[in-house]
Amino acid sequence: MLDPKLVRSEPERVAQKLAKRHFTLDINKVQALEEQRKSLQTRSETLQSEQNLRSKSIGKAKQAGEPIQPLLDEVDNLKQQKAQAEESLHQLQEELHQFLAGLPNMPDDEVPEGADENDNLEVACWGEIPRFSFTPKDHVALGEGLAGLDFKKAAVLARARFAVMQGPVARLHRALAQFMLDVHTNEHGYLETALPFMVNSDSLFGTGQLPKFEEDLFKIDGDRDLYLIPTAEVPATNLVRDSILKDEELPMRLVCHSPCFRSEAGSAGRDTRGMIRQHQFEKVELVQVVRPEESVAALEALTGHAESILQRLQLPYRKVALCGGDIGFAAAYTYDLEVWLPAQDCYREISSCSNTRDFQARRLKARWKNPETGKNELLHTLNGSGLAVGRTLVAVLENYQQEDGSVSVPDVLQPYMGGMTVIPARGQHD
RNA sequence: GGAGAGGUGUCCGAGUGGCUUAAGGAGCACGCCUGGAAAGCGUGUAUACGUUAAUAGCGUAUCGAGGGUUCGAAUCCCUCCCUCUCCGCCA
């Protein structure tokens with residue numbers, strides 16, 4: 001959420017910032033709502049104050065044995081007026097809250113201008129794009145050849161956009177997650193954290209999925225107010241909801257391996273083949289909670305941590321800064337990491353690393369006691385994939401494939417595969 | 001799922017309708033005292049919102065959450081959440 005005071009006092013400036021992401025702030029609406037809010041709030045608080053004074057004098061009059069009926073009549077009159085004012089006020093506050101809750105974060109000044117993903121700015125490129133002496137297969141064909149990926153069975157068990165993994169491919173998938181967790185905990189200073197895979201609507205509001213993006217989520221049936229998590233960012237970031245952290249608890253760095261569930265409501269027809277876009281996938285998520293002045297540097301570090309996984313796996317990738325039109329709802333600045341997929345002959349997103357500044361923290365009421373000011377101040381939160389495990393599996397299969405349909409195991413994963421160096425194709429025997 | 005006990009400020013803890021403006025204590029901060037410290041004494045010590053030039057005043061709200069009764073609710077009523085104990089079930 002944006003700072004209501006800023007939206008109120010400098011709507012033009014906010015509108016200008018939001019224009020970068022092609023969001024139009026209705027300035028007239030802001031001002032109209034604010035004007036009404038102010039007068040209704042003042043009126044209703046004044047009436048309340050009057051009533052409180054009367055009620056106190058009733059207590060005193062009673063003890064002094066004086067008549068209280070005149071006071072009772074006055075209060076009765078005040079209460080009626082107050083009830084009206086309060087009802088209008090509550091309605092208006094609700095409207096104002098909905099309006100503010102629907103405003104996206106302001107992009108940083110450094111965010112590139114642009115309308116969509118085509119305008120994203122490439123800031124780095126790493127690794128050699130592999131040249132194959134044969135036509136590379138895609139991961140679906142490879143997975144079938146390895147007897148390790150079955151999308152038809154998954155559709156029978158559930159529906160489209162699910163996968164069944166078996167044998168060495170399933171183990172490779174597990175190895176990837178283990179490897180990522182080990183690197184982030186042992187070398188990058190993250191605390192391994194296991195979290196609920198279902199969360200309530202307060203949590204989803206805190207990170208910004210609600211109220212605007214409910215159709216992207218799987219909701220648990222019944223009146224329990226639970227949703228399957230779309231990313232571990234939600235439970236992880238909500239660990240600091242409604243809390244005031246001590247200076248020495250910062251910065252907080254968490255790494256969380258979890259399944260992620262997305263309804264992909266708006267993506268019918270996109271990436272229907274294979275496991276690029278699934279209803280369920282696993283991800284190793286990095287979350288940082290930091291002092292405000294640290295967040296810009298923290299995003300560079302966090303993105304570097306994600307990049308380090310790609311580098312150790314020797315997977316070619318590029319790093320892009322998302323443009324204003326492509327940046328997510330809660331983000332002030334985002335780097336996407338895109339891995340090279342030979343069969344698609346292009347780079348595909350495998351990680352998205354964002355600094356949300358105080359946007360989530362304000363929704364979460366996540367604060368720290370700033371020792372310099374002695375005040376409770378909003379924190380900054382960041383998150384990034386380190387990495388999406390399913391897509392990393394796809395990238396390994398496609399980039400490490402050999403002409404006979406087997407797939408060699410990246411060096412760093414071999415210890416996690418019991419020393420296996422090659423996953424043989426179906427029917428092959430060493 | 002059943003029965004019972006609870007949830008008060010940074011912490012402990014009092015408080016069953018109005019001198020509660022949440023007692024008292026601990027902790028913390030500052031001051032006095034001291035050669036220095038401790039003890040002692042004194043003062044202060046929540047958050048959010050509004051108003052405001054203001055981190056000054058003033059107002060409103062907050063005793064797990066939300067409703068209700070009442071002129072007035074930490075206190076009475078209802079619903080829900082959470083914690084603890086016992087029982088049942090289960091991995």
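These values consider heavy atoms only, across backbone and side chains, with no hydrogens, waters or symmetry-generated copies. Residue numbers begin at 1 in each chain, while the letters A, B, ... track the order of the sequences.
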Evaluate the side-chain contact (heavy atoms from CB on, under 4.5 Å) criterion for residues R253(A) and L191(A): first the C-alpha distance (whole Å), next the side-chain angles of each, then the deciding distance (0.1 Å), finally the verdict.
-> CA-CA 6 Å; R253(A) 288 179 166 179; L191(A) 179 68; over 6 Å; no
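- rG13(B) and rA3(B) have their P atoms separated by 28 Å, with the value rounded to a whole Å.
- Residue L53(A) contributes atom CG, which lies 9 Å from atom P of rG59(B) at whole-angstrom precision.
- Taking 4.0 angstrom as the limit, R367(A) places a side-chain polar atom (N or O) nearer than this to OP1 or OP2 of rA48(B).
- Rounded to the nearest Å, the gap between the C1' atom of rA37(B) and that of rC32(B) is 15 Å.
- Straight-line distance between the P atoms of rG9(B) and rA14(B): roughly 13 Å, to the nearest whole Å.
- Listed pair T42(A) / rG50(B) fails the phosphate criterion, with no side-chain N or O lying under 4.0 Å from OP1 or OP2.
- Residues R161(A) and E264(A) are not paired through a salt bridge, judged by the lack of any N-O separation under 4.0 Å between the basic side chain and the carboxylate.
- Taking the ring axis of F205(A) as reference, the NZ or CZ atom of R363(A) stays within 45° of it and closer than 6.0 Å to the ring centre.
- Pairing for rG18(B) goes to rC71(B), judged as Watson-Crick or G-U wobble with the two contacts each under 3.5 Å.
- Residue-to-nucleotide proximity on RNA chain B shows that, of K38(A) and I244(A), the 5′-proximal contact is made by I244(A).
- For rG36(B), there is no paired base (Watson-Crick or G-U wobble, both distances below 3.5 Å).
- For rG72(B), the OP1/OP2 oxygens have a side-chain nitrogen or oxygen of Q51(A) closer than 4.0 Å.
- When rounded to the nearest whole Å, the span between CG of L47(A) and P of rU60(B) equals 12 Å.
- Taking atom P in both rU16(B) and rA54(B), one finds a spacing of 43 Å when rounded to whole Å.
- Remark: N186(A) CG is packed, more than 12 non-hydrogen atoms of other residues, nucleotides or ligands lying under 6.0 Å away.
- Here rA3(B) sits opposite rU85(B) as a Watson-Crick or G-U wobble pair (both hydrogen-bonding atom distances under 3.5 Å).
- The phosphate of rC49(B) has neither OP1 nor OP2 within less than 4.0 Å of any side-chain N or O from R37(A).
- One interatomic measurement links the two molecules: NZ of K5(A) to C1' of rU51(B), which rounds to 12 Å at whole-angstrom precision.
- Using C1' as the reference atom, rG68(B) and rG17(B) are 16 Å apart when rounded to the nearest Å.
- rA23(B) is unpaired under the criterion used here, namely a Watson-Crick or G-U wobble arrangement in which both key atom distances are under 3.5 Å.
- Here, rU51(B) and rC84(B) have their P atoms 43 Å apart, quoted to the whole Å.
- Separation of the C1' atoms belonging to rU20(B) and rU62(B) is 15 Å when rounded to the nearest angstrom.
- In this model, a side-chain donor or acceptor of E45(A) finds a partner on the base of rG59(B) within 3.5 Å.
- At least one side-chain heavy atom of R391(A) sits under 4.5 Å from a side-chain heavy atom of I276(A).
- Look at N52(A) and you'll find a side-chain N or O under 4.0 angstrom from OP1 or OP2 of rA61(B).
- The number of heavy atoms from other shown groups lying within 6.0 Å of CD (E349(A)) is above 12.
- The phosphate of rG18(B) has neither OP1 nor OP2 within less than 4.0 Å of any side-chain N or O from R54(A).
- Judged by distance alone, the side chains of T237(A) and T207(A) never bring a donor and an acceptor atom under 3.5 Å apart.
- Listed pair K56(A) / rG72(B) fails the phosphate criterion, with no side-chain N or O lying under 4.0 Å from OP1 or OP2.
- Where I58(A) and R8(A) meet RNA chain B, the nucleotide closest to each residue was compared, and R8(A) sits on the side nearer the 5' end.
- Both distances falling under 3.5 Å, in either a Watson-Crick or a G-U wobble arrangement, occur for no nucleotide opposite rC63(B).
- Taking a pair to require two hydrogen-bonding distances under 3.5 Å in either a Watson-Crick or a G-U wobble arrangement, rU43(B) pairs with rA29(B).
- L72(A) comes within contact range of at least one nucleobase, with a heavy-atom separation under 4.0 Å.
- Put simply, CG on D242(A) is 15 Å from P on rG9(B), counting in whole angstrom units.
- Here rU47(B) presents its P atom at 16 Å from CG of L245(A), a figure rounded to the nearest Å.
- rU45(B) and rA56(B) are spaced 12 Å apart, taking the P atom of each and rounding to whole Å.
- Across the strands present, rA53(B) finds no partner; the criterion is a Watson-Crick or G-U wobble pair with both atom distances under 3.5 angstrom.
- With rounding to whole Å, D225(A) atom CG is found 20 Å from rU79(B) atom P.
- When heavy atoms are screened at a 4.0 angstrom cut-off, K246(A) is found touching no nucleic acid atom at all.
- Salt bridge present: R357(A) and D108(A) bring a charged side-chain N and a carboxylate O closer than 4.0 Å.
- Side-chain nitrogen and oxygen atoms of K79(A) include at least one within less than 4.0 Å of the OP1 or OP2 phosphate oxygen of rG72(B).
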